[in-house]
K.L.:
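This is the structure, below, for whatever I ask next.
A, B, ... follow the sequence lines: proteins, then strands. Residue 1 opens every chain. No hydrogens, no waters, no symmetry mates; every other heavy atom, side chains included, goes into these values. The shown structure was predicted, so the numbers you read here are calculated from the model rather than taken from an experiment.
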2 protein chains.
Amino acid sequence: MTELKDDPHVDALTPTAPRHVDLARTLMQEIRAGHPPVGGLLPPELELCERLGMSRYAVRQAVQKLCSLGMLTRQAGVGTRVVSATPVSRYVQSMDDLGDLARYAQGTHLAVTTRNRIAADDALGELLSCAPGDKWLHIAGVRRGCDGKGEPIALVHMYVAAAYAKLPKLSGELAVPIYTLIEEQFGIKVTRVAQEIQGLIIDGEDADVLQVPRGSAGLRIVRTYYVGPTVIEVTTGVHPASRFSYSMSFQLSRAGA
Amino acid sequence: MTELKDDPHVDALTPTAPRHVDLARTLMQEIRAGHPPVGGLLPPELELCERLGMSRYAVRQAVQKLCSLGMLTRQAGVGTRVVSATPVSRYVQSMDDLGDLARYAQGTHLAVTTRNRIAADDALGELLSCAPGDKWLHIAGVRRGCDGKGEPIALVHMYVAAAYAKLPKLSGELAVPIYTLIEEQFGIKVTRVAQEIQGLIIDGEDADVLQVPRGSAGLRIVRTYYVGPTVIEVTTGVHPASRFSYSMSFQLSRAGA
DNA sequence: GAGTGGTCTAGACCACGAA
DNA sequence: TCGTGGTCTAGACCACTCG
């Protein structure tokens with residue numbers, strides 16, 4: 001273990017770095033050098049205190065920092081174990097709001113063409129991952145830009161699980177996503193959204209409604225909204241490839257940094 | 001401010017919760033109730049200590065917890081400000097590894113058909129977001145399953161910025177993604193990946209190579225790899241819709257929880 | 001029982017921001 | 001100048017794990 005200096009200006013960027021920051025850096029370097037190795041135990045807190053002439057509080061702050069970086073795990077009665085020689089990093093796409101999933105929908109308008117209660121047949125049962133015969137509320141429509149006056153953007157189908165289909169505001173216009181209404185009505189929060197993107201040929205009536213030539217390329221996006229293990233809603237949208245592409249961005253993120 | 005109880009078994013789940021956990025919960029409830037309101041200041045630490053009969057250490061632990069939940073921000077000389085009445089939550093898609101972006105590629109084999117140095121023309125300049133005339137290493141090939149004996153999965157083009165194109169292991173097979181080779185060779189780490197998914201019709205030669213009928217539906221995935229603001233690589237892949245769809249999943253995540 | 005990390009107290013000095 | 005949060009010390013008791 002190297003000695004810590006009281007000398008200020010050790011680091012030009014952080015003149016007189018706090019001692020726990022200094023220690024955190026030292027520990028990180030030594031772990032990277034293999035002392036202790038990944039899987040091994042750090043010396044006990046009290047030993048570090050004695051060796052470095054620091055209080056337990058300062059030592060704990062340093063160790064906690066490395067824990068938050070995902071390099072250490074601690075367990076009372078056992079010790080502090082090295083689980084990674086470098087800060088754990090991941091690539092992350094994040095959104096403040098599920099609305100960002102379909103941000104294109106802002107300023108658009110959904111003209112509802114169908115609204116009925118249905119029982120899932122075999123094909124629909126697969127899409128909704130439910131047993132054939134299960135009841136769903138089905139809503140279909142066309143999404144257009146410019147408050148409904150622009151060209152069609154998507155052909156939309158929405159399926160709401162029967163248990164969540166009693167929604168007060170569902171009668172009028174659909175200005176907000178349905179999952180939002182469900183969250184408000186039942187006081188729950190969507191915990192997971194699965195999304196699948198498929199390529200397809202837009203043909204037949206769909207092509208006519210979307211005002212593209214039959215045989216055009218399109219994207220089909222299927223979103224499944226979960227609250228815990230329960231599916232509360234499934235939506236599908238068919239978009240002409242000429243008017244829509246799906247963009248996303250993944251950032252490198254270091255946990256707890 | 002409500003009083004804290006020393007009484008154990010306040011919470012069936014955590015008998016005798018630590019006092020700082022208790023305080024954190026209390027503060028959260030009161031902030032949700034509007035005391036103090038969002039934008040307002042929490043009482044100073046010393047005042048909380050006195051009012052609650054707790055040490056500064058315990059109070060700080062509680063406050064730090066709410067900070068890590070994104071509800072509070074602190075500034076020396078100013079105070080502790082409420083920035084959110086509820087824990088900040090977001091929806092996150094995360095990966096340990098960029099390889100997960102193309103996990104389907106595992107167990108597949110890329111047969112390289114083209115490898116040359118090119119200068120970007122106008123169209124390519126747009127794809128690569130560079131000036132026409134910039135030099136790139138271009139590699140093209142066909143990805144097949146079952147170690148190259150299965151049916152074609154994708155038609156792939158890769159463009160490596162000239163500055164990063166001197167890669168020692170690039171001569172042989174491409175068992176690993178190119179960006180990995182760049183990261184190793186230059187000691188850098190990809191910080192961001194942008195991805196765009198388009199629908200398209202697979203036609204002409206491409207259809208023949210992919211062994212699908214001309215006019216079939218397909219997905220085109222364009223990935224741009226950044227190190228800071230610099231593009232180091234761009235890849236495009238065309239996948240038959242019948243053999244490929246893109247799935248992702250977003251989890252609700254509460255920061256610091 | 002011995003040793004670990006988890007929790008907690010009662011002090012203290014400092015750098016920073018605002019009045 | 002004064003109060004804030006940031007840092008730090010020197011003690012202490014507890015719950016947990018393990019031999």
K.L.:
Whole angstrom is fine here: how far is it from CG in B:Asp22 over to C1' in C:dT7?
P.N.:
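From B:Asp22 CG to C:dT7 C1': 13 Å.
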
K.L.:
Mind calculating the distance between NE2 (B:His20) and P (C:dG6) to the nearest angstrom?
P.N.:
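These atoms are roughly 10 Å apart.
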
K.L.:
With the side chain counted from C-beta on, respond yes when A:Met28 and A:Pro87 share a heavy-atom pair under 4.5 Å apart, and no when they do not.
P.N.:
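Yes, at least one pair of side-chain atoms sits under 4.5 Å.
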
K.L.:
Quickly work out the B:Leu52 CG to C:dC8 P distance and round it to whole Å.
P.N.:
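Whole-Å distance recorded here is 13 Å.
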
K.L.:
Can you tell me if the side-chain N/O atoms of A:Arg74 get under 4.0 Å from OP1 or OP2 in C:dT4?
P.N.:
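Checking A:Arg74 against C:dT4: no side-chain N or O falls below 4.0 Å of OP1 or OP2.
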
K.L.:
Quickly work out the A:Leu42 CG to C:dG5 P distance and round it to whole Å.
P.N.:
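So the two atoms are 8 Å apart, to the nearest Å.
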
K.L.:
What is the distance, rounded to the nearest whole Å, between atom OH of B:Tyr57 and atom C1' of C:dT9?
P.N.:
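B:Tyr57 atom OH is separated from C:dT9 atom C1' by 11 Å.
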
K.L.:
Any idea which of D:dT7, C:dG17, C:dC8 is nearest the B:Ser55 side chain?
P.N.:
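Closest of the options to the side chain of B:Ser55: C:dC8.
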
K.L.:
Is there a side-chain contact between B:Thr80 and the phosphate of D:dT4, meaning an N or O under 4.0 Å from OP1 or OP2?
P.N.:
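Indeed not, no polar side-chain atom of B:Thr80 lies that close.
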
K.L.:
Expected output check: what is the dot-bracket annotation of DNA chain D, where ( ) and [ ] are pairs inside the strand (brackets for crossing ones), | is paired with another strand, and pairs are Watson-Crick or G-U under 3.5 Å?
P.N.:
||||||||||||||||||.

K.L.:
Identify which nucleotide among D:dG5, C:dG6, D:dT9 has an atom closest to any side-chain atom of B:Ala76, counting heavy atoms from C-beta outward.
P.N.:
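In terms of side-chain proximity for B:Ala76, the closest of D:dG5, C:dG6, D:dT9 is D:dG5.
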
K.L.:
Below 4.0 angstrom from OP1 or OP2 of C:dT9, is there any side-chain N or O of B:Arg56?
P.N.:
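No, because none of the side-chain N or O atoms of B:Arg56 sits under 4.0 Å from OP1 or OP2 of C:dT9.
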
K.L.:
Whole angstrom is fine here: how far is it from CD in A:Glu50 over to P in C:dT4?
P.N.:
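So the two atoms are 11 Å apart, to the nearest Å.
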
K.L.:
Would you say the side chain of A:Gln93 lies within less than 4.5 Å of the side chain of A:Ser249, judging by non-hydrogen atoms?
P.N.:
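With C-beta onward as the side chain, the pair stays apart.
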
K.L.:
How many whole angstroms separate atom CD of B:Gln75 from atom P of D:dT4?
P.N.:
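Distance, rounded to whole Å: 14 Å.
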
K.L.:
Please give, in whole Å, the distance from D:dA12 P to A:Glu45 CD?
P.N.:
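Distance, rounded to whole Å: 17 Å.
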
K.L.:
Using modelled atom types and a 3.5 Å cut-off, is there a donor and acceptor pairing between side-chain atoms of A:Arg81 and backbone atoms of A:Gly39?
P.N.:
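At least one qualifying donor-acceptor pair exists.
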
K.L.:
Does the base of C:dT7 carry an N or O that pairs as donor and acceptor with the side chain of A:Arg60 under 3.5 Å?
P.N.:
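No pair found.
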
K.L.:
Would you check if A:Leu98 and A:Val193 make a side-chain contact, meaning some heavy-atom pair closer than 4.5 Å?
P.N.:
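When only atoms from C-beta onward are counted, A:Val193 and A:Leu98 do touch, with a gap below 4.5 Å.
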
K.L.:
Is the number of heavy atoms from other residues, nucleotides or ligands within 6.0 Å of CD (A:Glu50) greater than 12?
P.N.:
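Not more than 12 within 6.0 Å, no.
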
K.L.:
Between A:Arg90 and A:Ser253, is any side-chain donor less than 3.5 angstrom from a side-chain acceptor?
P.N.:
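A:Ser253 and A:Arg90 do not have a side-chain donor-acceptor pair below 3.5 Å.
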
K.L.:
When you compare the side chain of B:Arg192 with that of A:Phe250, does any pair of heavy atoms fall below 4.5 Å?
P.N.:
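A side-chain contact is absent here, since even the closest heavy-atom pair is not under 4.5 Å.
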
